[in-house]
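Structure, as structure tokens:
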Protein chains: 2
Amino acid sequence: MTSDVPPKRSRAENVYQALRDAILEQNLKPGTKLSEDVIAGEFKVSRTSVRAALQQLRGDGLVDHQANRGAFVAEPSAENARDIFSLRRMLESEVIRRLAGNLKPDDVKRLRKHVEQEERARPVNGPLSIRLAGEFHILLAELTGSQVLTRFVSETVSRSSLILARFARLHSSECAVDEHVRIIAALQAGDASTAEALMLHHLESVAVRADLRAPNSDGDTAAILKRYARALPT
Amino acid sequence: MTSDVPPKRSRAENVYQALRDAILEQNLKPGTKLSEDVIAGEFKVSRTSVRAALQQLRGDGLVDHQANRGAFVAEPSAENARDIFSLRRMLESEVIRRLAGNLKPDDVKRLRKHVEQEERARPVNGPLSIRLAGEFHILLAELTGSQVLTRFVSETVSRSSLILARFARLHSSECAVDEHVRIIAALQAGDASTAEALMLHHLESVAVRADLRAPNSDGDTAAILKRYARALPT
DNA sequence: CATACAATGATTGTGTACAATAATGTACAC
DNA sequence: GTGTACATTATTGTACACAATCATTGTATG
């Protein structure tokens, strides 16, 4: 954790991380086409590595892969969004229940450190702030020690980011930092029900921010153009 | 669902399906090395396609991938096993709650059909029977209409199969078919609490079958050899 | 003028060759 | 005889080239 030898990740892994970050920071927006050639050129690697990265992203549900047509940043439907938020409530409630009163001093330290990062990033770096907000929830899951729970939380949180990119009115971070702080406090105090209530409230405020009736940008090019078609002579 | 045009899956997809089936039918046991060359030769495809398939399996958690060393059928640890069973209880309870009283006639038909398949396979084909038992649970999840829930159930069920391959005493199917039947009945009757109790009992009987203290074969070569090392002169 | 069809272009799917890395076998020194 | 260092071998990681497939555009025809 301190200063290991350079991990020497494979090229595919590097590309994967970069693309994932870009998506989670909402710099690559839902629906964007991810051309293998373009990415390979940009990263100075072969298409082989890019394909591997894209496949991994597909496994995470961040990318949709259409046969012979290519990869696109996933566009969660409104129904899918409701689905994911529902699952998030279930999963993260479980996280809270497992954590309440069981946080080790080291855990608290990690959480505080992360929140500090969030506070530092908030005024300066919008995209980074968005990603860090999501990673707070993933960190909580990690502290349960359950690999599988972590994996599932990670997946739903990541896809929430996509949902907000598509449906949120203001292009804002997903979470309020002070709510994170309060959750930590309740967990530390061992107050399970308060912590769970806080988390559910927190998630609710995220879900509310999404207006599932109106996709932000290209919810189909066709749907957008309908508004302009009226201006044309019939 | 009846007779679509030939789906024309890609080669990577074909290899993926075949390997996945083999693992879920416990013909490829945990710890088995999955050599790219060997698989490529067997399926008469290039290593490229095999690599793609292996990566997808890694995404499912069925395969562990060690850098520059290759892919191996995953060997869930005892801790991991407890973790997964715990999550399964949570996820499948949710499935039951969502389904109780909401089964459409078509859904019931599909469930019955599946159970029939199970009954046919049981005396004849052990491995197939194992796989079908797992797929019953996945089918239940599908009927909720929640893609994400289905995905998570699918993953935990699949890994349960690995766990049983590693820890179960008798090389047996995971589920008793008649318990499946009773769950369907309770769901159809809209009796949520009975259905949930049945499911939890059902999952419990699966978990019990695993003796988490004694891995079946190679739970680390090292761990095994410790018992023999004592025989050597110090 | 709308529709169906065919050629074209671009992009992905696949196979093969090479480079890098880790595991294994062997020889040598102590 | 034992342990270490080196050479060998096998396997994965990567790049590149070709084949297959699909979308689009242009053209002909009703």
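By convention in this document, chain letters (A, B, ...) are assigned in the order of the sequence lines, proteins followed by strands, and residues within each chain are numbered from 1.
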Between [atom2] of [N] and [atom1] of [X], the distance in whole Å:
X	N	atom1	atom2	answer
B:E36	C:dC18	CD	P	19 Å
B:K44	C:dG15	NZ	P	13 Å
A:D64	C:dT12	CG	C1'	16 Å

Over all strands shown, is A:R51 touching base, sugar-phosphate only, or nothing at heavy-atom distances under 4.0 angstrom?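 Base contact.
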Quick test of your reading of the model: are A:R98 and A:E94 salt-bridged, counting only N-O distances below 4.0 Å?
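Salt bridge between A:R98 and A:E94, a charged N being under 4.0 Å from a carboxylate O: yes.
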Checking N1-N3 plus N6-O4 or O6-N4 for Watson-Crick, or N1-O2 and O6-N3 for wobble, each under 3.5 Å, the partner of C:dC30 is D:dG1
If you check the [X] side chain, which of [options] turns out closest?
X	options	result
B:N68	C:dT14, C:dA22, C:dT12	C:dA22
B:H65	D:dG13, D:dT14, C:dT14	D:dG13
A:D37	D:dA15, C:dT12, C:dG15	C:dT12

side-chain contact (heavy atoms from CB on, under 4.5 Å) test vs B:L143 passes for just one of B:V108, B:L99, B:N102, B:T150, namely B:L99
Give a yes/no on whether any side-chain N or O of [X] is located under 4.0 angstrom from OP1 or OP2 of [N].
X	N	answer
A:R69	C:dA10	no
B:T48	C:dT14	no
B:K33	D:dA10	no
B:R47	C:dT16	no

